[in-house]
2 protein chains.
Amino acid sequence: MQPEYPLPVDLFDTLDKASPIPLYYQLATALEQAIRDERVPPGSRLENEISLGNRLGLSRPTVRRALQELVDKGLLVRRRGIGTQVVHGRVTRNVELTSLYEDLGQSGQTPTTRVIAYELGTADDTAATELGVAVGAPVLHLTRLRCADGVPLAVLENTLPEDFTDITREELEARGLYQLMKARGVSIRVANQRIGARAASAVEGELLEIRKGSPLLTMSRTAFDNSGRAVEYGQHVYRPDLYSFELTLVDR
Amino acid sequence: MQPEYPLPVDLFDTLDKASPIPLYYQLATALEQAIRDERVPPGSRLENEISLGNRLGLSRPTVRRALQELVDKGLLVRRRGIGTQVVHGRVTRNVELTSLYEDLGQSGQTPTTRVIAYELGTADDTAATELGVAVGAPVLHLTRLRCADGVPLAVLENTLPEDFTDITREELEARGLYQLMKARGVSIRVANQRIGARAASAVEGELLEIRKGSPLLTMSRTAFDNSGRAVEYGQHVYRPDLYSFELTLVDR
DNA sequence: CAGTGGTCTAGACCACGAA
DNA sequence: TCGTGGTCTAGACCACTGC
């Protein structure tokens with residue numbers, strides 16, 4: 001069996017039992033950073049959870065919860081009777097429940113938005129089904145062009161329920177949609193997405209500065225807030241040379 | 001506050017404490033089925049976890065774990081001080097760690113496979129990086145055409161490490177790759193995927209019976225087994241009119 | 001056999017939201 | 001003030017692995 005890798009104790013000096021941040025989260029974050037920095041090498045076998053808990057002054061369930069977080073992110077692999085190992089190979093980021101606007105900002109690009117259409121209308125069949133409102137109910141229709149460092153990247157079409165009609169064009173050009181919704185006390189908890197591809201229409205080609213008929217990456221999404229209500233339906237298209245989706249799948 | 005929805009007790013008659021199947025899993029499965037069948041209506045508020053545990057003869061952590069499974073799947077939403085609610089709106093399936101072959105079978109279609117290329121070769125730069133082997137190391141290169149009910153659906157290119165060279169063309173035409181690997185004692189635990197789009201090449205167009213230059217949905221994936229070793233690198237292209245990816249994102 | 005992770009219990013205290 | 005979920009503890013038994 002592979003010998004266990006002694007986790008540097010100083011990794012966990014940052015654990016603060018008085019902090020409002022949960023202990024399992026503090027531990028998971030510290031360990032994740034150590035793995036990403038390769039201070040804990042790929043493939044190495046970690047110390048068992050009981051002994052780790054003793055060294056850290058944490059109970060076993062707390063340690064387990066921290067490790068499970070990293071298993072779910074695809075960074076660790078555990079086997080009964082064997083132990084816990086760091087996955088070989090590059091660790092990648094993941095599709096998360098963030099907006100494109102924030103994603104771009106975090107990857108060092110400057111996002112800008114142009115509002116193409118902004119209209120109070122009524123829900124068509126698709127929008128009504130996705131948002132769980134009646135056909136013909138008042139909704140807000142948005143079409144935005146999102147650019148990164150000035151290069152057109154995506155056309156974002158969204159339908160929102162009536163209570164977001166106080167969002168202005170100016171706000172939409174300055175911030176991401178999720179930020180604006182959050183500022184109104186609505187935070188997104190769950191989203192169902194479908195990712196596909198199709199050819200660009202003439203209008204899409206013009207907006208994205210590509211030829212009509214070229215491939216587009218498509219994503220349609222319905223998002224729900226923390227009470228389970230549908231608060232957004234979107235149909236987005238992306239330039240595939242500039243954007244793609246990354247995700248990590250874990251068997252559990 | 002919304003009144004709580006009394007979970008039908010008979011839903012949980014199937015709980016079997018003697019079964020080797022974990023109790024939290026039995027409960028999660030039973031409840032998921034009840035939600036999908038709308039025996040528990042969308043938006044309804046569930047009974048609190050303590051009382052649920054008492055009624056079922058389970059401890060609170062066990063009940064919590066079952067509920068958390070469904071939160072992670074996007075079926076439930078929980079709020080402190082409020083309670084647990086079923087998400088509104090359609091419940092969708094998810095991208096899971098299964099092969100296309102199994103996916104098609106489960107959705108009632110008949111998958112078939114034609115092996116286009118089968119060669120023992122050496123790892124190029126990309127494959128070596130992804131699989132974590134040396135450049136020039138012996139690997140198995142596969143190209144397969146996957147059809148559903150006789151209609152060409154995807155071209156699957158894969159690179160496997162040396163120890164899978166006993167997989168035959170005949171096996172590949174009869175089963176999915178993951179099934180063959182599992183039969184050899186290798187089960188896939190983690191996979192990193194990137195989903196994008198591009199135009200079809202002439203060869204791809206011919207295989208998939210579409211025009212050269214039409215849009216393709218692309219997926220590249222590196223998969224790891226339960227010891228964290230990379231066991232597969234694949235570059236797949238799909239006909240976007242016949243295939244798309246569904247996923248559920250949850251904020252945690 | 002000894003060591004590992006997987007499951008389960010019984011209870012405690014806390015933070016948040018609603019009444 | 002009360003009920004809810006969120007966190008944490010201390011311990012138990014089991015299943016699987018490798019020696």
Side-chain angles (χ1 to χ4, degrees), chain A residues 1-5 15-29 44-72 76-86 185-187 189 225-228 250-252, chain B residues 1-5 15-29 44-54 56-72 76-86 185 187 189 225-228 250-252:
Chain A
M1 193 200 309
Q2 177 173 160
E4 82 183 24
Y5 183 87
L15 282 190
D16 176 7
K17 293 208 177 192
S19 160
I21 299 168
L23 289 166
Y24 78 86
Y25 187 82
Q26 294 183 43
L27 175 55
T29 307
S44 58
R45 175 169 155 266
L46 265 50
E47 167 181 4
N48 77 67
E49 38 188 44
I50 309 267
S51 125
L52 189 54
N54 289 341
R55 283 210 298 143
L56 297 170
L58 296 176
S59 71
R60 188 182 168 204
T62 303
V63 173
R64 275 185 67 76
R65 179 154 182 193
L67 295 177
Q68 191 57 46
E69 294 267 316
L70 300 192
V71 171
D72 291 344
L76 294 180
V77 167
R78 323 190 73 188
R79 281 179 293 170
R80 180 153 38 182
I82 305 282
T84 304
Q85 284 177 284
V86 179
V186 174
S187 62
R189 260 313 168 66
D225 70 2
N226 55 13
S227 73
V250 179
D251 186 23
R252 0 195 297 141
Chain B
M1 193 199 310
Q2 177 172 159
E4 84 183 22
Y5 184 86
L15 282 190
D16 175 8
K17 293 210 176 191
S19 160
I21 299 168
L23 288 166
Y24 76 86
Y25 188 83
Q26 294 183 42
L27 175 54
T29 308
S44 59
R45 177 171 153 263
L46 265 51
E47 151 180 23
N48 77 66
E49 36 186 50
I50 309 267
S51 125
L52 189 53
N54 289 340
L56 297 170
L58 296 176
S59 71
R60 188 182 166 203
T62 303
V63 173
R64 275 185 68 76
R65 180 153 183 192
L67 294 177
Q68 191 57 48
E69 294 267 316
L70 300 192
V71 171
D72 291 345
L76 295 180
V77 167
R78 323 190 72 187
R79 282 180 294 170
R80 181 153 38 181
I82 305 282
T84 304
Q85 285 177 281
V86 179
S187 60
R189 257 319 166 62
D225 71 2
N226 56 13
S227 75
V250 179
D251 186 22
R252 359 198 295 139

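These numbers come from the heavy atoms of this one structure, side chains and all, not from hydrogens, waters or symmetry mates. Here is how names work: the chains are called A, B, and so on, in the same order as the sequence lines, proteins then strands, and each is numbered from 1.
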[X] [atom1] to [N] [atom2], straight-line distance once rounded to whole Å:
{"X": "Arg45(A)", "N": "dG3(C)", "atom1": "CZ", "atom2": "P", "result": "12 Å"}
{"X": "Glu47(A)", "N": "dG5(C)", "atom1": "CD", "atom2": "C1'", "result": "14 Å"}
{"X": "Asn54(B)", "N": "dC8(C)", "atom1": "CG", "atom2": "C1'", "result": "15 Å"}
{"X": "Ile50(B)", "N": "dC2(D)", "atom1": "CD1", "atom2": "P", "result": "17 Å"}
{"X": "Arg79(A)", "N": "dG3(C)", "atom1": "CZ", "atom2": "P", "result": "19 Å"}

Below 4.0 Å: OP1/OP2 of [N] and any side-chain N or O of [X]:
{"X": "Asn48(B)", "N": "dT4(D)", "value": "yes"}
{"X": "Thr62(A)", "N": "dT7(D)", "value": "no"}
{"X": "Lys17(B)", "N": "dT9(C)", "value": "yes"}
{"X": "Tyr24(A)", "N": "dC8(D)", "value": "no"}

Apply side-chain hydrogen bond (donor to acceptor under 3.5 Å, both in side chains) to Glu49(A) and list each qualifying residue two or more places apart in sequence or on a separate chain.
-> Arg60(A), Arg64(A), Arg78(A)
Sugar-phosphate only, base, or nothing, as touched by [X] at under 4.0 Å among non-hydrogen atoms:
{"X": "Gly57(B)", "value": "sugar-phosphate"}
{"X": "Arg65(A)", "value": "sugar-phosphate"}
{"X": "Leu67(A)", "value": "nothing"}
{"X": "Leu23(B)", "value": "sugar-phosphate"}
{"X": "Arg64(B)", "value": "base"}

The contact string for nucleotides 10-17 of chain C, one letter per nucleotide 5' to 3', using protein heavy atoms under 4.0 Å with B, S and - for base, sugar-phosphate only and none, comes out as B-B--BBS
Are the side chains of [X] and [Y] in touch, meaning some heavy atoms are under 4.5 Å apart?
{"X": "Leu67(B)", "Y": "Leu46(B)", "value": "yes"}
{"X": "Leu58(A)", "Y": "Lys17(A)", "value": "yes"}
{"X": "Thr84(B)", "Y": "Val77(B)", "value": "no"}

Quick check: does any side chain N or O of Glu69(B) sit under 3.5 Å from a backbone N or O of Tyr25(B), one acting as donor and the other as acceptor?
-> no
Do the side chain of Arg45(A) and the main chain of Ile82(A) share a donor and acceptor less than 3.5 angstrom apart?
->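 A pair under 3.5 Å: yes.
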Among the nucleotides dG5(C), dC8(D), dC8(C), which one has an atom lying closest to any side-chain atom of Pro22(B)?
->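 The nucleotide sitting nearest to the side chain is dC8(C).
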Could you say whether Thr84(B) or Tyr25(A) is positioned toward the 5' end of DNA chain D, judged by the nucleotide with the nearest heavy atom to each?
-> Thr84(B)
Minimal non-hydrogen separation, Leu15(B) against Leu27(B), with atom names = CD2-N, 3.8 Å
